[in-house]
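Whatever order the structure lists ligands and atoms in, that order sets their numbers, starting from 1. Everything numeric here is computed off the predicted structure, so don't read it as measured data. Both backbone and side-chain heavy atoms feed into the values below; hydrogens, waters and symmetry mates do not. Along the sequence shown, residues are numbered consecutively beginning with 1.
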Amino acid sequence: MSSINLRTAVPGPRSRAVFAERVKHVAPGPFHTTPIVAERAEGATITDVDGNTFLDFACGIGVANLGHSEPSVVAAAKAQADKFFHTSINVVAYEGYVDVARRLNERAPGDFAKKTFLANSGAEAVENAIKFARAFTKRQAVICFEHAFHGRTYMAMALTGKANPYKSGFGPFPAEIYRAPFPDFYRWPGVDGEAPVCPGKLPCSLSRCLCSEAFARFIEIAQADIGETNVAAVIIEPVTGEGGFIPVPAPFLRMLREWCDKHGVVLIFDEIQTGFGRTGTLFACEQSGVAPDLLVLAKGLANGLPLSAVVGKAEVIDAVGVGGVGGTYAGNPVACAAALAVMDKFDDPKTLEHARQLGRLLEDRLESWCKKFPKIGQVRGLGPMRAMELVKDRATKEPDKPAAAALVKHNYENGVITLSCGTHGNVLRFLIPLIATEEQLNEGLDVIEVGLAKLG
Ligand SMILES: Cc1ncc(COP(=O)(O)O)c(C=O)c1O
């Protein structure tokens, strides 16, 4: 039985009417990928106000990893809502906050004592991770990377590596931020263009050699521009999210780890998009064997309620004294209850096994498309966090942003919600609910394949 059920042309009349009101009353800043207005959402589907049901391959930007309205998460949130919404952890504590912290400490990678700080959004957690690192090291400089996206508040925005639409017109930005080249070997100088190979599949020797090249450039910046003893933190996404789903090769993460250890620098992994099963393991960094000093989480943590976390070395977290971090709503009780239910789900090995199976099926399908459609420059990713980069020409690799936009439009008009991403806006990414059935995955991919064929 198919999941997609379209009763009207998309957008339908009720969606169009709400959109007209949105344009009148809502700030234009928040982007809108589809003109669809949701009525309800369940599992891997969203039904709009016109009665059209879509497969959701966007998950509210990688949030509803366990699917929409996952019954155990909804029940946990409802039970907490019946008790109380809010006391503020700063005033009267509650068990949920402490339980979330304990369980994240137990589950986060790294064989050392850990502590956790909770906040509301990803950007807020990034801001606080930098505060912990600076307070601990008593240094100021932060090294981030090309293609990074860390959020929209001032520090997070400054760390982000894409001017438009995220940064233009909003300066000045906080000082002491330095950007290193990202090990993107698809577009690395000297790497031949015709081979659309996922970075994870480069031959080992070539990958090591390119990682050393990329790392040499990182060291140049750290030594010459900053001076190692001034560096407080290095922050990186193990797979870029908004930056185009480019996985960081494991050797590069290991080099960063060794360098940070040598120079007393706090290594921060932003796993806001990669966390909670998105790459087939609870955290993406588990697949590289590298543990950060601070792990930044949000999105899938509470499967849709606003909650974020900085989990890390107890000594780093302890460097900020009482009152130095916090927030009225930080670690909301209802969101904490949802997060505990999310963690219960991930404690069942079947959840991640299924995610990995979806990842394998998606990878096979994308690789078969790569052979068929020259519009695809590269397919890449880690586990079910996968994407394809669309180009005008495989040899020149000129990004094809209009093609990505056309494909997103074709997809939602035919019942599949998808998102583009990438520094050049030319990447179609897959953020499939990790509970989608294989039939749902294939049904959605069939729709997308028709769209790809239309692109030529
Ligand atoms: C890797 C990464 N970091 C930070 C953020 C910012 O999170 P939020 O939108 O919750 O502030 C995002 C959001 O997409 C993200 O993908």
Side-chain angles (χ1 to χ4, degrees), residues 27 29-33 57-65 117-131 133 142 144-162 165-167 170 177 179 182 184 233-248 253 267-279 282-285 292 294-312 327 329-332 335 338-339 342 381-387 418-423 425 427 429-431:
F31 64 82
H32 39 93
T33 308
F57 282 12
C59 267
I61 326 185
V63 170
N65 290 359
F117 165 76
L118 298 181
N120 302 291
S121 70
E124 202 187 337
V126 167
E127 298 278 331
N128 283 289
I130 302 299
K131 284 168 75 173
V142 181
C144 55
F145 288 84
E146 292 168 347
H147 304 303
F149 182 85
H150 295 293
R152 294 166 187 278
T153 52
Y154 264 88
M155 172 56 74
M157 175 171 54
L159 294 168
T160 289
K162 183 171 172 177
Y166 303 129
K167 298 169 78 166
F170 300 139
I177 289 167
R179 194 170 307 284
F182 185 90
D184 170 12
V234 172
I235 181 165
I236 192 164
E237 297 156 82
V239 181
T240 61
E242 304 307 299
F245 281 26
I246 315 170
V248 182
L253 290 180
L267 180 60
I268 304 171
F269 286 170
D270 177 344
E271 291 235 27
I272 287 168
Q273 196 154 159
T274 53
F276 288 88
R278 180 47 59 198
T279 67
L282 193 61
F283 307 115
C285 64
L294 297 178
L295 181 65
V296 186
L297 304 168
K299 292 195 187 275
L301 169 59
N303 210 54
L305 285 171
L307 187 68
S308 61
V310 184
V311 186
Y329 298 108
N332 171 269
V342 166
L382 198 60
M385 183 172 179
R386 296 215 159 250
T418 53
L419 287 170
S420 60
C421 65
T423 301
V427 178
R429 59 174 145 171
F430 295 86
L431 289 165

So do F149 and T240 actually touch side chain to side chain, heavy atoms under 4.5 Å?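 The answer is no, as the side chains (C-beta and beyond) never meet within the 4.5 Å cut-off.
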If you have a sec, work out which protein heavy atom is nearest [atom] and how many Å separate them, to one decimal?
atom                    : answer
atom 2 (C) of ligand 1  : F149 O, 3.3 Å
atom 3 (N) of ligand 1  : D270 OD2, 2.6 Å
atom 16 (O) of ligand 1 : Q273 NE2, 2.8 Å

Using a strict 4.0 Å threshold on nitrogen-to-oxygen distance, state whether E146 and K162 make a salt bridge.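 The answer is no: the pair does not qualify as a salt bridge.
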Among G62, A148, A123, whose heavy atom sits nearest atom 11 (O) of ligand 1?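 Answer by nearest heavy atom: A123.
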With a 3.5 Å distance limit and no angle check, can you tell me whether [X] reaches the backbone of [Y] through a side-chain donor-acceptor pair?
X    : Y    : answer
R179 : L159 : yes
D270 : H150 : no
T279 : G383 : no
K299 : G275 : no

Counting from 1, what ligand 1 atoms have a heavy atom of E242 closer than 4.0 Å?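 Reading through ligand 1 atom by atom, the close ones are 14 (O).
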At less than 4.0 angstrom from any non-hydrogen atom of E237, what atoms of ligand 1 do you find?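 Every atom of ligand 1 under 4.0 Å from some heavy atom of E237: 1 (C).
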Flag G122 as yes when one of its N or O atoms lies below 3.5 Å from any N or O atom of ligand 1, and as no otherwise.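 It does: an N or O of G122 is found under 3.5 Å from an N or O of ligand 1.
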Test of proximity, G241 against ligand 1: N or O pairs below 3.5 Å: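 So ligand 1 has no N or O lying under 3.5 Å from an N or O of G241.
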So, 4.0 Å and heavy atoms of K299: is ligand 1 close enough to count as a contact?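 K299: in contact with ligand 1 (<4.0 Å).
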Using the side chain to side chain contact (heavy atoms under 4.5 Å, CB included) rule, take F145 and I235 through it: C-alpha gap first, then chi angles, then the decisive distance, then the call. CA-CA 8 Å; F145 288 84; I235 181 165; over 6 Å; no
